[in-house]
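Below is one structure, written out as C-alpha cells; comments come after it.
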Amino acid sequence: MNTNSKPLNAYGELAGDIREILITSEQIQERIQQIGALISVDYAGKTPILIGVLKGVLFFMADLLRTLTIHVEVDFLAVSSYTPSTRDQGLVRLIKDLDISIENRHVLFVEDIVDTGLTLNYLMRNLRARQPASLEACVLFNKPENRLIHLPLKYVGFDLPNRFIVGYGLDHRERFRNLPFIGLLKPDAL
Ligand code: PRP
C-alpha cells in the first residue's frame with residue numbers, strides 16, 4: 001500500500017519499476033529522529049565520531065547527523081569485495097580508509113543495512129583494532145533472517161523480512177538509491 005504523502009507517479013520514470021512502497025519517507029525520517037534523540041543523550045559530552053561505509057549509508061548518515069544536538073565528527077570508509085565468494089566469507093578490501101584517528105575516541109559505526117552481518121563483523125573488527133574508547137553500531141535496516149554472524153546493534157531503525165529492497169541509499173545495480181522511501185521492485189525491473 002502506498003502511504004507516502006506523494007503518489008508513486010510523482011517519481012517519474014522510477015515509478016514504473018516500483019511494485020510497492022514498504023517504508024515511507026515519513027516513516028524513515030520519524031524513526032531517524034527517534035534514534036538521533038537517543039544518540040544525543042547517550043553521547044552527550046563525548047563528541048563521538050560517526051563512521052559510515054560508502055555508498056549506501058549516504059542518505060542515512062546525512063539525515064541522522066542533522067538530527068543530532070551534540071558535537072560530532074564524521075568519517076567514511078569505502079570497501080570493495082574481492083570476488084563474490086570472498087564476499088561470502090566476509091572478506092572485503094578497504095579502498096578508502098578513515099581520515100581521522102579513532103584511538104581513544106568514542107566511535108559509532110553507522111550502516112544502512114545489515115543482512116548476513118559479514119561486512120559489519122569485518123569492519124567492527126578492523127575498527128576495534130584501532131583502540132577506540134568505545135565502539136557501537138547503529139543500523140537503519142536490519143534483515144535478521146540471513147544473519148550468519150550475530151553482533152550487538154545498539155541502535156536499529158527497522159527490522160525487515162528477507163526481501164530485496166531498494167531506495168534510501170539501497171541500490172539495484174547502482175540504481176534506485178535516490179528514492180526517498182524503501183520499495184520493492186517489479187519482477188521485470190530485477
Ligand atoms: C551493503 C551495506 C553493508 C552490506 C551489508 O553494502 O551497506 O555494507 O551490504 O550486507 P551483509 O550484512 O550481508 O554483509 P553494499 O555491498 O550493497 O554496497 P553499497 O553500500 O555501495 O550499496
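Every number for a ligand or one of its atoms is a count from 1 in the order of the listing. Because the structure is predicted, anything quoted here is derived from the model rather than measured.
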Task: Nearest neighbour of atom 11 (P) of ligand 1 from the list Asn121, Thr116, Ile149, on a heavy-atom basis - done: Thr116
- [ ] Within a distance under 4.0 Å of any heavy atom of Asp112, pick out the atoms of ligand 1 and give their elements.
- [x] 2 (C), 7 (O)
- [ ] If a pair satisfies ring-ring contact (aromatic ring centres under 6.0 Å, His included) and one of its residues is in residues 131-160, list it, with sequence neighbours excluded.
- [x] Phe141-Phe158
Task: Distance-only N or O hit between ligand 1 and Gly56, under 3.5 Å - done: yes
Task: Region of Val53 that comes within reach of ligand 1 [heavy atoms, distance under 4.0 Å] - done: neither
Task: Close approach, Lys143 and ligand 1, non-hydrogen under 4.0 angstrom - done: no
TODO: Apply side chain to side chain contact (heavy atoms under 4.5 Å, CB included) to the pair Phe181 and Ile23, showing each step before the final yes or no.
DONE: CA-CA 6 Å; Phe181 54 78; Ile23 308 176; over 6 Å; no
TODO: Number the atoms of ligand 1 from 1 as they appear, then name those within less than 4.0 Å of a heavy atom of Asp171, with their elements.
DONE: 22 (O)
- [ ] Identify the two heavy atoms, one from Ile49 and one from Ser101, that lie closest to each other, and give their separation to 0.1 Å.
- [x] CD1-O, 3.8 Å
- [ ] Would you check the N or O atoms of Gly117, main chain and side chain alike, for any that come under 3.5 Å of an N or O of ligand 1?
- [x] yes
Open item on the list: Given Glu111, Glu174, Lys55, identify the one with the heavy atom nearest to atom 21 (O) of ligand 1.
Closed with: Lys55
Open item on the list: Show me which atoms of ligand 1 lie under 4.0 Å from any heavy atom of Leu54.
Closed with: 20 (O), 21 (O)
Open item on the list: For residues 134-149, which residue pairs pass the salt bridge (Lys or Arg N to Asp or Glu O under 4.0 Å) check, not counting sequence neighbours?
Closed with: none
- [ ] Provide the closest heavy-atom pair for Gly117 versus Leu151 in the form atom of the first, atom of the second, distance.
- [x] O-CD1, 4.3 Å
- [ ] Determine the sole option in Leu153, Val53, Val139 for which the side-chain contact (heavy atoms from CB on, under 4.5 Å) test with Phe109 is passed.
- [x] Val53
- [ ] Please report the closest heavy-atom contact between Asp171 and Phe164, naming both atoms and the distance.
- [x] O-CZ, 3.6 Å
